[in-house]
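Below: the structure, in structure tokens.
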Amino acid sequence: MIIAIDGPAGAGKSTVAQRLARRLGLRYLDTGAMYRALTLRALREHIDLDDEERLASVAADMEVGMEHVSRRRPPYRVFMDGEDITSAIRSREVSAHVSQVSSHPLVRSEMVNKQRRMAAGGGVVVEGRDVGTVVFPRADVKFFITASVKERARRRHREMAKDGHDVSLHTIQQEMVRRDYLDTTRQYNPLKRAPDALLIDTTGENVSQVVGRLSSLVKERAAREAR
Ligand code: DC
């Protein structure tokens with residue numbers, strides 16, 4: 001089974017996707033982390049972020065993986081060529097440049113190939129922006145998770161404050177609106193809801209409520225397909 005979860009930044013996708021994967025005994029694949037890893041690498045190596053071919057070739061050679069390590073916080077760790085980059089890819093610098101890196105068609109096609117290879121065999125919850133539309137158009141269940149921009153900014157602000165980042169709510173909301181704009185208006189594989197994706201608005205709901213709702217929907221779908 002492949003469960004595809006898309007939606008804008010800060011909608012709670014990651015938390016929900018991870019919990020859903022644990023609850024259903026499935027693997028978890030965070031495609032945003034892959035674009036972030038490439039962005040981190042490009043910034044470190046001072047690669048021109050408009051050099052599409054160079055970025056695509058780095059993407060092709062780069063090894064990215066995710067592993068669940070229960071004793072660590074957060075437990076899903078992201079590795080790039082053997083290095084744990086879980087925290088490094090969440091920096092504001094990476095967040096500010098990832099839309100630019102992920103806007104290049106060649107980069108996206110490398111990433112999409114990688115994602116399909118990583119999800120081969122199924123049994124996975126995949127999270128991103130184009131997972132239900134482009135990467136896995138035939139996914140068994142598709143969700144489009146969203147929340148109001150105010151609520152999404154509040155959640156991201158809380159998260160960042162917990163990690164010791166001192167940024168105002170206003171700045172975060174502005175950055176989020178900008179990223180939403182870039183993600184939804186880019187020419188190639190923009191963020192949009194697949195026609196057959198179930199729309200889940202998480203405004204005012206906590207994680208357990210959302211995960212419970214999704215898990216029931218997945219089970220219903222599986223039961224229907226088994227009939
Ligand atoms: O989910 P996230 O905020 O970690 O994603 C980081 C960025 O990567 C986001 O601004 C858009 C991009 N992205 C993408 O273009 N396609 C995906 N499937 C996942 C993320």
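Both ligands and their constituent atoms are indexed starting at 1 by order of listing.
The distance from ligand 1 to the heavy atoms of T31 drops below 4.0 Å at these ligand atoms: 17 (C), 18 (N), 19 (C). Near G128, with a cut-off below 4.0 Å to any heavy atom, the atoms of ligand 1 are 18 (N), 19 (C). Near S99, meaning under 4.0 Å from any of its heavy atoms, are these atoms of ligand 1: 10 (O).
Nearest to atom 8 (O) of ligand 1 among the protein's heavy atoms is V98 CG2, 3.6 Å. Nearest protein heavy-atom neighbour of atom 10 (O) of ligand 1: R179 NH1, 2.9 Å. Considering only non-hydrogen protein atoms, atom 1 (O) of ligand 1 sits nearest to R129 NH1, 2.9 Å. Closest to atom 12 (C) of ligand 1 among all protein heavy atoms lies S102 OG, 3.6 Å. Looking at atom 4 (O) of ligand 1, its nearest protein heavy atom turns out to be R36 NE, 2.7 Å. Closest to atom 20 (C) of ligand 1 among all protein heavy atoms lies G32 CA, 3.5 Å. Nearest protein neighbour of atom 16 (N) of ligand 1, counting heavy atoms only, is R108 NH2, 2.9 Å.
Between D30 and ligand 1, no pair of N/O atoms sits closer than 3.5 Å. Note: no N/O pair closer than 3.5 Å links R156 and ligand 1 by distance alone.
Applying the 6.0 Å contact sphere to CD of Q209 captures more than 12 heavy atoms from other residues, nucleotides or ligands. For CD of E225, the number of neighbouring non-hydrogen atoms (other residues, nucleotides, ligands) closer than 6.0 Å is greater than 12. More than 12 heavy-atom neighbours from other residues, nucleotides or ligands sit within 6.0 angstrom of CD on E45.
Here the side chains of R129 and R186 are in contact, with some heavy-atom distance below 4.5 Å.
With a heavy-atom cut-off of 4.0 Å, R90 touches ligand 1 through its side chain alone. At a heavy-atom cutoff of 4.0 Å, ligand 1 is contacted by the side chain of R186 but not by its backbone.
Of the possible donor and acceptor atoms, one in the side chain of R27 sits under 3.5 Å from a partner among the backbone N and O of M118.
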